[in-house]
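Each residue takes its place number in the sequence, starting with 1.
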Amino acid sequence: MDIDDLTRPDAELKYLRERMKANIAFGLGALLIATYGLVDDKTIKTLMGIFGILCAFVLLYSTVISHSLGKSMNKKDVDSRNYSDEYLNFIHHKAYKHAFDVTCVVTGFMWYWSTKEDDLMFSTQSCLALVIAALGLGYGFSVFYLLRKSA
């Protein structure tokens with residue numbers, strides 16, 4: 001089915017799914033960046049690099065597809081991430097709420113851990129990457145779960 005043949009709710013559902021894939025790929029890539037320094041084995045680092053490149057391609061592909069889907073939607077709705085379908089709007093806002101909650105927990109854990117430990121396992125860059133991973137994975141997996149639950 002061509003993108004131009006989609007009705008507005010179908011285009012919005014496909015747009016939400018592509019944004020979900022992009023957020024999961026972005027979160028996994030950030031998680032790889034955060035944990036890359038913890039690994040000493042060269043083979044595992046190579047596999048992590050290959051998986052990171054795969055995540056980058058999925059992120060790029062999903063972004064291009066969602067951009068082309070956004071052209072068939074109302075520009076104001078795409079920019080503000082509003083959906084004409086009430087259930088998709090509910091899923092989107094619920095997923096943002098879950099992502100914010102998960103990110104707050106991860107940030108609180110990082111803050112608490114940094115005040116208790118003198119020798120940190122993660123650097124500041126890795127902690128930031130973990131927070132960004134929590135945000136991307138929290139939103140992506142929440143949308144995935146809520147869409148699967150409704151199907």
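Residues Y15 and L146 are members of one and the same hydrophobic cluster, defined by side-chain heavy-atom contacts under 4.5 angstrom among Ile, Leu, Val, Met, Phe, Trp and Tyr. Linking ILVMFWY residues whenever their side-chain heavy atoms come closer than 4.5 Å, directly or via other members, leaves L47 and F51 in distinct clusters. Under the 4.5 Å side-chain heavy-atom criterion for grouping Ile, Leu, Val, Met, Phe, Trp and Tyr, I65 is connected to L88 within one hydrophobic cluster. No chain of hydrophobic side-chain contacts below 4.5 Å, direct or via other Ile, Leu, Val, Met, Phe, Trp or Tyr residues, connects L59 to L31. Under the 4.5 Å side-chain heavy-atom criterion for grouping Ile, Leu, Val, Met, Phe, Trp and Tyr, L32 is connected to I44 within one hydrophobic cluster.
Of all heavy-atom pairs spanning I24 and L137, the tightest one is O-CD2, 3.7 Å. When all heavy atoms of A22 and T63 are compared, the closest pair comes out as CB-OG1, 4.4 Å. G29 and C55 make their closest contact through N-SG, 4.2 Å (heavy atoms, listed as atom of the first residue, atom of the second, distance). The two residues A34 and A129 have their closest heavy-atom pair at CB-CB, 3.8 Å.
Side-chain contact check for L147 versus I91: some heavy-atom pair is nearer than 4.5 Å. No side-chain heavy atom of V105 sits under 4.5 Å from any side-chain heavy atom of D101.
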For T35 and M48, run side chain to side chain contact (heavy atoms under 4.5 Å, CB included): C-alpha distance rounded to whole Å, both residues' side-chain angles, the deciding distance at 0.1 Å, then the answer.
CA-CA 9 Å; T35 58; M48 288 174 77; 3.5 Å; yes

Decide side chain to side chain contact (heavy atoms under 4.5 Å, CB included) for Y61 and V58; before the verdict, give the C-alpha distance in whole Å, the side-chain angles of both, and the deciding distance to 0.1 Å.
CA-CA 5 Å; Y61 173 77; V58 169; 5.7 Å; no

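Contacts of R19 classified as side-chain hydrogen bond (donor to acceptor under 3.5 Å, both in side chains), with partners at least two apart in sequence or in another chain: S66. Partners of N89 by side-chain hydrogen bond (donor to acceptor under 3.5 Å, both in side chains), not counting sequence neighbours, listed by chain and number: H93. With sequence neighbours left out, the side-chain contact (heavy atoms from CB on, under 4.5 Å) criterion links F90 to Y87, K94. Taking the side-chain contact (heavy atoms from CB on, under 4.5 Å) definition, one finds that Y96 meets it with H92, Y139, sequence neighbours left out. Residues passing the side-chain contact (heavy atoms from CB on, under 4.5 Å) test with T103 are T107, V131, A134, L135, sequence neighbours excluded.
Interatomic distance, CG of L28 versus CD1 of I33, reported as 11.5 Å (0.5 Å rounding). Taken from CZ in F100 to OG in S142, the straight-line distance is 13.5 Å, to the nearest 0.5 Å.
Pairs of residues two or more places apart, or lying in two chains, never qualify as side-chain hydrogen bond (donor to acceptor under 3.5 Å, both in side chains) while including a residue from residues 41-56.
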